[in-house]
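Encoded as structure tokens, the structure appears first; notes follow it.
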Amino acid sequence: MQKQIEKFANSRFIIWLRNLSQKLSQSPSFSTISTGMSSNMGIILIGAIVQILVAIIGIAFKITPDNPIYQLIYMPYKVTMGILALFMTFSLAHKYTQKLKVKSSPVQAGFIAIISYILVAAPIETIQSEAGAISVINIDNLGAKGLFIAIIIGLLSVRITKFAIDKNLVIKMPESVPQGVIEGFNSVIPALLNIIVWYGLTLLISYISKGAFTLSSLITFLLAYPVKYLESTAGMVVILLLAQLFWFFGIHGTSIIMSVVMVPLIAAYTTNSELAAQSLPLVYSAMFLFGANGSVGGAGNTLPIVLMGLKSKSKQIKAVSKASLIPSIFGINEPVVFGFPIMYNPILMIPFLLAPIVYMVFLYLAYHFQLISLPHILVFALLPMGVGGFMNTLDIRNAIMPFVMLPVMWLVWYPFYKIYEKDLIKKEQEMEKLEKENKLKKQL
């Protein structure tokens, strides 16, 4: 097995992927995306922990989402993962300013990016209530599904700022003025330029669409619209691939695709629920295959690399795997996607795309040969691996299915994981060597 992996690792395809990965890592924009994601790992983990705790408490005490207590204990998630795109926008702009060596405060660049993002993705609106006019902001677009816009604005807003500074479009202050005040005034014109560009774009889209879209919602609509024509067994292959590709490029693929498949998925469950109530045979729907994307550790079935990573010699992989284990068991894989990372990682992209498709084939065969039961109980809840399958069918075979598929998913991930791990270990060793040399130079 090891020899085959070595042979595969030295194939032209993998060498091409390695070269591509290296080029991306050397690019200021792509390396910023990687470091920007990593800097938000603490927030992501807090959100994952809260999700798990809320799910356990909700099941134990039968608390539903419409209960005020549920909303109260869910609040820490809303102010972490619920506005993750805001944090990501700031961290990307902060890091990118440093990468490009822009003569501007990275903190100010982060603030400018946040203002631009809110104007584009979630502009403040005024609504009438019994207490009078209230200004509100829709936080739905500030979470993980807004990451793609966050990446665009986080990077391009810095480019606009750099353009302004390079053209000397700043308010100059005497040298006697404190540095903090100087930085604040230097950011005024770049901030105004960003507001003009981003808010102008938002107003233009809103005007053309008669208020139906913002830039963020327009991109979501354009991505999701073609998917509704793929509601078939063959079409589900395309749907799963699209979901994974969206994730890879920083778009919340599950959220985008779910917005399209939700209606036919609920219809399929409702049909089978009515048949089950009459003790009639259940019917197959291609929508049930959507469960292939995330049954073993979240989108991409990433639990295998978390388990592999627990014994990795790479410090980064081992640390991320330890932090991601419990969330992965509950199907929360943001720590894995952002921590390894899988996003913008050409080597890990292949199994990330392939694993759900392989699982889908086995799931289809299991339904076809009646090895597992067809779903008829609609349960949308955050549950440990296998529990959701049981609750959807009340059949223990469905609960066992993900565990049976775990070794299969392991085989899909293993060769690519080993290649990535080897490259990462080499990079870490080079960095450690460089740090030791720098320490020796300082001592001398």
Side-chain angles (χ1 to χ4, degrees), residues 28-29 32-33 35-36 39-40 83-127 133-143 146-220 250:
S29 55
T32 296
I33 293 170
T35 54
S39 63
N40 288 285
I83 55 173
L84 178 63
L86 274 187
F87 300 125
M88 189 70 77
T89 304
F90 180 88
S91 62
L92 287 172
H94 187 280
K95 299 288 184 184
Y96 201 43
T97 301
Q98 294 174 326
K99 288 275 186 183
L100 295 182
K101 297 180 180 179
V102 180
K103 295 177 181 178
S104 174
S105 166
V107 173
Q108 292 293 335
F111 291 153
I112 292 171
I114 285 178
I115 293 168
S116 302
Y117 180 82
I118 292 174
L119 287 171
V120 167
I124 297 172
E125 299 176 358
T126 301
I127 62 172
I134 300 175
S135 295
V136 298
I137 183 169
N138 184 356
I139 68 168
D140 288 344
N141 291 328
L142 303 183
L147 283 178
F148 187 59
I149 298 296
I151 291 171
I152 292 173
I153 292 176
L155 299 180
L156 292 185
S157 65
V158 174
R159 285 289 181 178
I160 294 171
T161 297
K162 187 178 187 301
F163 169 82
I165 292 173
D166 289 347
K167 296 297 181 181
N168 209 24
L169 299 175
V170 295
I171 299 175
K172 294 182 180 180
M173 301 293 291
E175 292 182 3
S176 58
V177 176
Q179 185 62 29
V181 177
I182 292 175
E183 289 178 352
F185 274 91
N186 282 349
S187 67
V188 171
I189 295 178
L192 287 173
L193 279 176
N194 270 285
I195 289 171
I196 290 169
V197 170
W198 296 114
Y199 194 46
L201 186 59
T202 296
L203 291 176
L204 179 63
I205 292 172
S206 180
Y207 174 77
I208 293 173
S209 66
K210 296 181 179 180
F213 295 109
T214 62
L215 175 60
S216 179
S217 61
L218 178 61
I219 289 175
T220 300

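None of these values were measured; they are calculated from a predicted model.
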Below 4.5 Å, heavy atoms only, C-beta onward: do L119 and I195 meet side chain to side chain? yes

Can you name the closest pair of heavy atoms from A150 and L92 and give their distance? O-CD1, 3.9 Å

Other residues, nucleotides, ligands: >12 heavy atoms within 6.0 Å of F213 CZ: yes

Starting at OG of S116, measure out to CG of L156 and round the result to the nearest 0.5 Å. 10.0 Å

Which pair of non-hydrogen atoms, one from Q108 and one from S187, has the smallest distance, and what is that distance? OE1-OG, 3.3 Å

Decide yes or no for W198 and I152: does some side-chain heavy atom of the first lie under 4.5 Å from some side-chain heavy atom of the second? yes

What distance do L201 atom CG and S206 atom OG have between them, rounded to the nearest 0.5 Å? 11.0 Å

How many angstroms lie between atom NZ of K95 and atom CZ of F90, to the nearest 0.5 angstrom? 10.0 Å

Taking all heavy atoms of A164 and all of P190, pick out the closest pair and write down the distance. CB-CG, 3.9 Å

Report yes if some heavy atom in the side chain of L142 is under 4.5 Å from a heavy atom in the side chain of Y117; otherwise report no. yes

To the nearest 0.5 Å, tell me how far S29 OG sits from L100 CG. 8.5 Å

Which of these passes side-chain contact (heavy atoms from CB on, under 4.5 Å) with I165: T161, L169, N168? T161

With sequence neighbours excluded, tell me which residues meet ring pair (Phe, Tyr, Trp, His ring centres under 6.0 Å) with F87. none

For the residue pair G110 and A93, what are the closest heavy atoms and their distance? CA-CB, 3.8 Å

Please lay out, stage by stage, how N194 and I115 fare under the test side chain to side chain contact (heavy atoms under 4.5 Å, CB included). CA-CA 9 Å; N194 270 285; I115 293 168; over 6 Å; no

Can you list the steps and then say if T89 with I149 is a side chain to side chain contact (heavy atoms under 4.5 Å, CB included)? CA-CA 9 Å; T89 304; I149 298 296; over 6 Å; no

Measure the CG-CD1 distance between L192 and I112 for me, rounded to the nearest 0.5 Å. 9.0 Å

Calculate, to the nearest 0.5 Å, the distance between atoms NZ and NE2 belonging to K99 and H94 respectively. 13.0 Å

Closest approach of S104 to T97 (non-hydrogen atoms, all atoms of both residues): O-CG2, 3.7 Å

